[in-house]
Amino acid sequence: MLLPPLRALVLLLPCSGLFAASTPLPLTTPDFSAIAPKMQSFVDQGQVAGVVTLVATKDKVLHLAAVGKSDLATGRKMQPDDLFWIASMSKPITATAVAILVDDGKLAFDDPVSKYLPEFSDLWVTKQSDPSQRVLAAPAQPLTIRDLLTHRSGLGEYRVTGLHWTLAEMVRGLAREPLRFDPGSRWAYSTAGLDVAGRVVEVASGMPYDQFLQKRIFDPLGMKQTTFWIPVSQATHYCDTYKMNDANKLVHVDIPYLYGTLPTDQERAPLGGAGLFSTAEDIAKFYQMTLNHGAADGKQIIQAATLAEMLRKQTGSLRTRPGMPWGLGFCLIEDPTQMEANNVLPAGSFGHGGAFGTNSWVDPTRGVIYVMMLELAGQRNPDNSAMRIEFQKAAVAALGP
């Protein structure tokens, strides 16, 4: 992809103090040519079918490249605009939908979930569980929307689902299960908790969740390819999902968070925790909005102060992932030394990864966005994959000191 010369870019400090002053990028166009060969080496070794990489600033894509195959069965070549299941990269988008309603005055982060979803009025917490008995008690404090967005809810994942259940039905089933701990007392990852947040958006806005995202986020940001359901007409642009079998060969694997449906099945509920499909460029547009203090093309998607609250550490002293506490929907990098893939990013960076290896991270100090798209299940830690490590190292090296 040929790109015009890059002018010096400095991310200005907003009145809200959202980001620290940026380090200026180089005056000349960085040479990102080392990225594709590094990604191709993983393809050649049979570790991944294909990869799309992207580097962007708040207003420009600096690098976009694709290597490998999007479908090993047909031999289809990976394209830069191919669609990927982005899994938990859906979560910051869902949190942004909630934040928009906060700005609209239709809800507050500290509202009890039961205010919008009465089925959460009579929750129980598991206090003891063993083969002989299970002891339940009422929660010490109400479950709040903030708890949902920070994984402090105590919610687990679905024990029972039904084919083509609506979002309301999925959430009602979850509400029948006891919490794992008192809300706010611990941190434990819950994808279903963000599905509940999506249902709150439906109720508070009076609009189906997918339509709300389309009207308030995707259309204003120009995210034309992002969807809960792959259109049949776009099926040839969908990157298939793989795992490594016992013979160290890549084979197709179904997506567990589609709950028995196909990516094209429009009867599946729009699940905010891990239900979206997108492209590298669409994800970049979402994160460009964050670097522009909640705005895009002259439109304020969320207020800068609300975005600042989303990017503030919300989990306090609770034990989360090493060096990575949580904001509202976003994962924050507090100590980059705790994970190799974070080593090249400064403290204060933010973003999210996905279960099959997709990753999107923002360095607000330099005003740079890094997006990597691939589909590989079964990685020990997809946020710390060898592919992400090598991609970011090469990209940062190209940007220079």
Residues [X], [Y]: salt bridge by 4.0 Å N-O rule:
X    : Y    : result
R146 : D111 : no
D104 : R216 : yes
E119 : R172 : no

Any side-chain heavy-atom pair of [X] and [Y] under 4.5 Å:
X    : Y    : value
D383 : R321 : yes
F120 : V196 : yes
Y238 : P263 : yes
W85  : T358 : no
V98  : L148 : no
F356 : L374 : no
T315 : W187 : yes

Between [X] and [Y], how do the two ring planes meet: parallel, tilted or perpendicular, split at 30° and 60°?
X    : Y    : answer
H151 : W326 : perpendicular
Y257 : Y259 : perpendicular
F330 : F286 : parallel

Minimum-distance pair of heavy atoms, taken over all atoms of [X] and [Y]:
X    : Y    : answer
S360 : M89  : OG-CE, 3.5 Å
A395 : V55  : CB-CG2, 3.9 Å
A197 : T94  : CB-CG2, 4.0 Å
Q379 : S385 : OE1-CB, 3.1 Å
S153 : L143 : CB-CD1, 3.5 Å
S90  : G275 : OG-N, 3.5 Å

Once rounded to the nearest 0.5 Å, what's the spacing between atom [atom1] of [X] and atom [atom2] of [Y]?
X    : Y    : atom1 : atom2 : result
T96  : L101 : OG1   : CG    : 11.5 Å
Q288 : D297 : CD    : CG    : 9.5 Å
L276 : L213 : CG    : CG    : 6.5 Å
M373 : M387 : CE    : CE    : 14.0 Å
D82  : D240 : CG    : CG    : 11.0 Å
Q40  : D44  : CD    : CG    : 4.5 Å

Could you give all pairs that pass the side-chain hydrogen bond (donor to acceptor under 3.5 Å, both in side chains) test and reach residues 133-144, with sequence neighbours left out?
T144-D147
So does K313 have more than 12 non-hydrogen atoms from other groups sitting under 6.0 Å from NZ?
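Yes, NZ of K313 has more than 12 neighbouring heavy atoms, counting only those of other groups under 6.0 Å.
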Are more than 12 heavy atoms, taken from residues, nucleotides or ligands other than D130, located less than 6.0 Å from that residue's CG atom?
yes
Derivation of the side-chain hydrogen bond (donor to acceptor under 3.5 Å, both in side chains) call for T226 and K285:
CA-CA 11 Å; T226 305; K285 290 175 182 177; over 6 Å; no
Strictly distance-based, threshold 3.5 Å: is any side-chain N or O of [X] a donor or acceptor partner for the main-chain N or O of [Y]?
X    : Y    : answer
E169 : T166 : yes
T320 : M324 : yes
K91  : G273 : yes
D103 : I302 : no
D363 : G367 : no
Q300 : H293 : yes
N292 : K58  : yes
Y287 : V368 : no
N343 : P336 : yes
R388 : N359 : no

Set out, in order, the CA-CA distance, both residues' side-chain angles and the distance that settles side chain to side chain contact (heavy atoms under 4.5 Å, CB included) for T126 and L136, then state yes or no.
CA-CA 5 Å; T126 301; L136 303 179; 3.7 Å; yes
Just do the salt bridge (charged side-chain N to carboxylate O under 4.0 Å, His left out) check on D182 and K127 with the steps written out, would you?
CA-CA 9 Å; D182 283 311; K127 294 295 184 179; 2.7 Å; yes
Kindly determine whether E157 and R180 satisfy salt bridge (charged side-chain N to carboxylate O under 4.0 Å, His left out), including the steps that lead there.
CA-CA 10 Å; E157 306 301 345; R180 294 175 288 176; 5.7 Å; no
Any donor-acceptor N or O pair under 3.5 Å, side chains D219, Q214:
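Per modelled atom types, D219 and Q214 side chains form a pair under 3.5 Å.
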Given D195 and Y158, is the side-chain hydrogen bond (donor to acceptor under 3.5 Å, both in side chains) satisfied, shown in steps?
CA-CA 11 Å; D195 294 342; Y158 301 104; 2.7 Å; yes
Output a table of donor-acceptor pairs, distance under 3.5 Å, between side-chain atoms of residues 344-355 and any protein atom two or more places apart or on a different chain; print 'none' if there are none.
{"from": "S349", "atom 1": "OG", "to": "P346", "atom 2": "O", "distance (Å)": "2.8"}
{"from": "S349", "atom 1": "OG", "to": "V362", "atom 2": "O", "distance (Å)": "3.4"}
{"from": "H352", "atom 1": "ND1", "to": "S88", "atom 2": "O", "distance (Å)": "3.4"}

Let's go through Q314 and E309 carefully: what are the C-alpha distance in whole Å and the side-chain angles of both, what is the deciding distance for side-chain hydrogen bond (donor to acceptor under 3.5 Å, both in side chains) to 0.1 Å, and is it a yes or a no?
CA-CA 9 Å; Q314 302 281 334; E309 176 65 9; 3.2 Å; yes
Please determine whether side-chain hydrogen bond (donor to acceptor under 3.5 Å, both in side chains) holds for the pair T29 and D31, giving the CA-CA distance in whole Å, both sets of side-chain angles, and the decisive distance to 0.1 Å.
CA-CA 6 Å; T29 303; D31 180 7; over 6 Å; no
Quick one, F277 with I255, criterion side chain to side chain contact (heavy atoms under 4.5 Å, CB included). Give me CA distance, side-chain angles, the key distance, then yes/no.
CA-CA 12 Å; F277 298 83; I255 299 172; 4.3 Å; yes
Before you tell me yes or no, could you show the steps for V251 and V253 under side chain to side chain contact (heavy atoms under 4.5 Å, CB included), namely the whole-Å CA-CA distance, both residues' side-chain angles and the distance that decides it to 0.1 Å?
CA-CA 6 Å; V251 295; V253 64; over 6 Å; no
Only counting residues at least two apart or in another chain, list the ones meeting side-chain contact (heavy atoms from CB on, under 4.5 Å) with R186.
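Applying side-chain contact (heavy atoms from CB on, under 4.5 Å) to R186 gives F181.
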Given side chain to side chain contact (heavy atoms under 4.5 Å, CB included), test V201 with Y116 step by step and report yes or no.
CA-CA 9 Å; V201 170; Y116 307 93; over 6 Å; no
